[in-house]
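Working notes, structure below.
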Amino acid sequence: MLPLIPWPTVVEAPEGVQVDLPAVRVVAPDDELAALAAEQLSAVGLVVAYGSQDADVAVNADGAVNTDGTDGSAVVFALRIDEAAGPAGSDNAERYTLRVAAGGIEALAPERVGLLHAVRTLRQLVPVSETGAETGDEPGDAAGAPGPRTVPAVVVHDAPRYRWRGLSFDVVRHWFDRDDIRAVVDLVAAFKLRVLHLHLTDDQGWRIEIPSRPELEKASDNQVGGGTAGFLTVDDYRELQAYAAARFVTIVPEFDMPGHINAATHVYGALTKDGVATDAYDGIEVGFSRLWFDNPATEPFLRDVIGDLARMTDGEWVHVGGDEVHTMEYDEFARFVELAGRIVREHGKTPVFWQEGARGPVEPGTLLQYWEPKGEEFDRFVAAARAGARFIMSPGNHAYLDMKYTPEHALGLAWAGHVELRDSYDWEPTEVISGLPAGAVEGVEGAVWTETLSTRDELFSMLLPRLGAVAEVAWTAPSGKDWESFRARVSAQAPAWRTRGWAFHQTPQVDWS
């Protein structure tokens, strides 16, 4: 079984046929894509030269430029734009074809994103040296040693099932800085996910600079359990978006309202009912904070925050929360949904709400993110779909990757149950909401909340290996999924995770090599 996650649409691999890769010379349509391909392949120990046309630069496995270039034995890896690429009959913009043969390697796709998907597929085929690497839930510190590799001859025709394939990442409960977020971008991209949804505001802190509301910076230095924290400046956010976009990952910012708002009311007392600022909060309870729709300070605040976020955001979506408002009547909540959605659309973006947004008026094209597996509003969700809403599936009992693996696991919560690797793998997005038309499902998103996670190693050990399961649910058609195959492929990918320094949980559901 080839060690590919997510599993492709069509795989043709003659048994036992191998291709030697003493070195690789990448030729791509442009220098930026060539450099990205070289970045991917050099990370697994290949010596890579790259460029567009004849402009070759060589890169060693440690990322250093090798001005001597490669010798004449380098295998050419040609990346070409080709409308005919991908599975037969597919018109998916992300489709691609990868051909690995003794005479050379080629990637074909109608768009650049498909070419990079093909590179990522080739990268997973390259065996990784683990000399000096650690095992288990601790990261390794070894890079793939440079040198020749052998990969299987293969033809892959591939395209994703869903357009929206993502991860929601909470950087509020515990602060994860720009470098941590970049590392998560790399992880998301490795599984061909396209969205990193950043949960940037909550009761404990405020993690994004809002130029029109500079006082919000005072709410940044707080997190669960106290201690020093921080926030993303406008420049940080711009640079993160550029880094992600180069890897075909879109950052979706979330400003959570009208609940989960204590960090804002701690700074702006005028937003409360009595005009008195709330105390800072470093616990993990939810549902106690709120805005007041008829307060004269509320709408200007929403317009400032949503407007600045929309102007700062390159992607087409702005998430405006809407979850767990436990102290507000439906009528008032519906007015918040209508106003927030309208402001987002006025700025040329598409609004995203958590599933509770279905309680308000729903405009066609609005995205609703389903998360509560115990929800009893299925009729309301179906009605929202009929009104033109589309759903992102993030059921807590499958896709919440901060849930404990088992009752004994040291990290995570358990309100949605215990979520082992197979729980993240064995579910079908079109069956989550009874009665919802399959065509109303926009995609799948994992989520990781950080009440109990404060370091990158802790974070990654909760994401891996479960994020790979969520990625396969989002990418692979149900007929292409197979649990026994998947668990074997997880084991085969573990050496590459170790060499990247990505901590992961050695679940007993996998026979680790």
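The structure displayed is predicted, hence computed values, not measured ones.
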To the nearest 0.5 Å, what is the distance between CD (E431) and CG (L436)? 12.0 Å
Does R182 qualify as a cation-pi partner of Y243, given the criterion of NZ or CZ under 6.0 Å from the six-membered ring centre and within 45 degrees of its axis? yes
When you compare the side chain of E442 with that of R163, does any pair of heavy atoms fall below 4.5 Å? yes
Indicate whether any N or O donor in one side chain lies under 3.5 Å from an N or O acceptor in the other, for S491 and R487. no
Where do G396 and M403 come nearest, in terms of heavy atoms and distance? O-CG, 3.9 Å
For Y425, does the six-membered ring have the charged nitrogen or CZ of K481 within the cation-pi criterion, i.e. under 6.0 angstrom from the centroid and within 45° of the normal? yes
Report yes if the side chains of V155 and V10 come closer than 4.5 Å at any heavy-atom pair, otherwise no. no
What is the minimum heavy-atom distance between H199 and D170, and which atoms define it? CD2-OD1, 3.6 Å
Does a side chain donor of either D256 or T201 reach within less than 3.5 Å of an acceptor in the other side chain? no
Are the aromatic rings of F333 and F293 close, with centres under 6.0 Å apart? no
Could you check whether any side-chain N or O of R390 sits under 3.5 Å from a backbone N or O of G439, counting only pairs where one atom can act as donor and the other as acceptor? yes
Between R165 and E445, is there a salt bridge with N-O shorter than 4.0 Å? no
Can you name the closest pair of heavy atoms from A399 and W427 and give their distance? CB-CZ2, 4.4 Å
Flag the pair R380 and E356 as a salt bridge only when some basic side-chain nitrogen lies within less than 4.0 angstrom of an acidic carboxylate oxygen. no
Given 3.5 Å as the limit, does a donor-acceptor pair link the side chain of T455 with the main chain of E458, or not? yes
Return the orientation label for the F378 and Y370 ring planes: parallel under 30°, perpendicular over 60°, tilted otherwise. tilted
Testing V156, N92, D158, T476 for side-chain contact (heavy atoms from CB on, under 4.5 Å) with T9, which one passes? D158
Look at the rings of W475 and H117 and say which category their plane angle falls in: under 30° parallel, 30 to 60° tilted, over 60° perpendicular. perpendicular
Check: Q369/H319 side-chain N/O donor and acceptor closer than 3.5 Å: yes
Strictly below 4.0 Å, N to O, side chains only: are R303 and E346 in salt-bridge contact? yes
Interatomic distance, R173 atom CZ to I284 atom CD1 [nearest 0.5 angstrom]: 8.5 Å
Under a 4.0 Å N-O cut-off, is there an ion pair linking D30 with R112? yes
Salt bridge (Lys or Arg N to Asp or Glu O under 4.0 Å) between R95 and E83, intermediate numbers included: CA-CA 9 Å; R95 67 188 185 275; E83 287 291 334; 3.4 Å; yes
Strictly distance-based, threshold 3.5 Å: is any side-chain N or O of T499 a donor or acceptor partner for the main-chain N or O of A496? yes
Check whether any side-chain heavy atom of M462 sits under 4.5 Å from a side-chain heavy atom of L411, and report yes or no. yes
Given side chain to side chain contact (heavy atoms under 4.5 Å, CB included), test W206 with V305 step by step and report yes or no. CA-CA 12 Å; W206 193 278; V305 172; 3.9 Å; yes
Using the ring pair (Phe, Tyr, Trp, His ring centres under 6.0 Å) definition, which of the options W415, F391, F381 pairs with W371? W415
Check each of W175, W449, F176 against F169 using the ring pair (Phe, Tyr, Trp, His ring centres under 6.0 Å) test, and report the only one that passes. F176
Are any side-chain N or O atoms of K349 and backbone N or O atoms of T313, one a donor and one an acceptor, separated by less than 3.5 Å? yes
Test item: side-chain donor near acceptor, Q509 and R422, under 3.5 Å: no
Roughly how far, to the nearest 0.5 Å, is CG of D308 from CD1 of I210? 5.5 Å
From CA spacing to verdict: side chain to side chain contact (heavy atoms under 4.5 Å, CB included), L167, V184: CA-CA 9 Å; L167 173 69; V184 173; 3.9 Å; yes
Indicate yes or no: at least one non-hydrogen side-chain atom of P152 is less than 4.5 angstrom from one of V100. no
Separation between CG (L196) and CG (D186), nearest 0.5 Å, reads 11.0 Å
Does a sphere of radius 6.0 Å around CZ in R386 hold more than 12 heavy atoms from other residues, nucleotides or ligands, not counting ones at 6.0 Å or beyond? no
For F504, is there any backbone N or O sitting under 3.5 Å from a side-chain donor or acceptor partner on W502? no
Criterion side chain to side chain contact (heavy atoms under 4.5 Å, CB included) on F231 and D236, from CA distance to verdict: CA-CA 9 Å; F231 67 98; D236 290 338; over 6 Å; no
Donor-acceptor contact below 3.5 Å, side chain E111 vs main chain V113: no
Are any side-chain N or O atoms of D426 and backbone N or O atoms of D423, one a donor and one an acceptor, separated by less than 3.5 Å? no
salt_bridge(E94, R194) N-O dist < 4.0 Å: yes
State yes or no: are the ring centers of H505 and H409 separated by less than 6.0 Å? yes
Pair R359 + E329: basic N to acidic O under 4.0 Å: no
Are there more than 12 heavy atoms of other residues, nucleotides or ligands under 6.0 Å from atom CD of E285? no
Evaluate the side chain to side chain contact (heavy atoms under 4.5 Å, CB included) criterion for residues L232 and L200: first the C-alpha distance (whole Å), next the side-chain angles of each, then the deciding distance (0.1 Å), finally the verdict. CA-CA 9 Å; L232 297 174; L200 294 167; 4.3 Å; yes
Looking only at heavy atoms, what is the nearest atom pair of P3 and Q493, with distance? O-NE2, 2.7 Å
Ignoring hydrogens and angles, tell me if any N or O in the side chain of H418 forms a donor-acceptor pair with the backbone of K404 under 3.5 Å. no
Using side-chain heavy atoms (C-beta onward) and a distance below 4.5 Å, is L302 in contact with F336? yes
Where do G315 and Q241 come nearest, in terms of heavy atoms and distance? N-OE1, 4.2 Å
Please check if the distance between the ring centroids of H197 and W354 is under 6.0 Å. yes
Is there a donor-acceptor contact under 3.5 Å from the side chain of E451 to the main chain of L413? no
Give me the atom names and distance for the closest heavy-atom approach of D203 to S289. OD1-OG, 2.5 Å
Are the side chain of R247 and the backbone of A189 linked by a donor-acceptor contact shorter than 3.5 Å? no
Check whether any side-chain heavy atom of H326 lies under 4.5 Å from a side-chain heavy atom of F288, and answer yes or no. no
Distance from E332 atom CD to L291 atom CG, nearest 0.5 Å? 9.0 Å
What distance separates L309 CG from I306 CD1, expressed to the nearest 0.5 Å? 8.0 Å
Taking C-beta and beyond as the side chain, do V448 and S168 meet within less than 4.5 Å on heavy atoms? no
Flag if over 12 foreign heavy atoms under 6.0 Å of CD, E316: yes
Note: E420-R466 ion pair, threshold 4.0 Å (strictly below): no
State, with a plain yes or no, whether a side-chain heavy atom of V419 is found less than 4.5 Å away from one of Y400. no
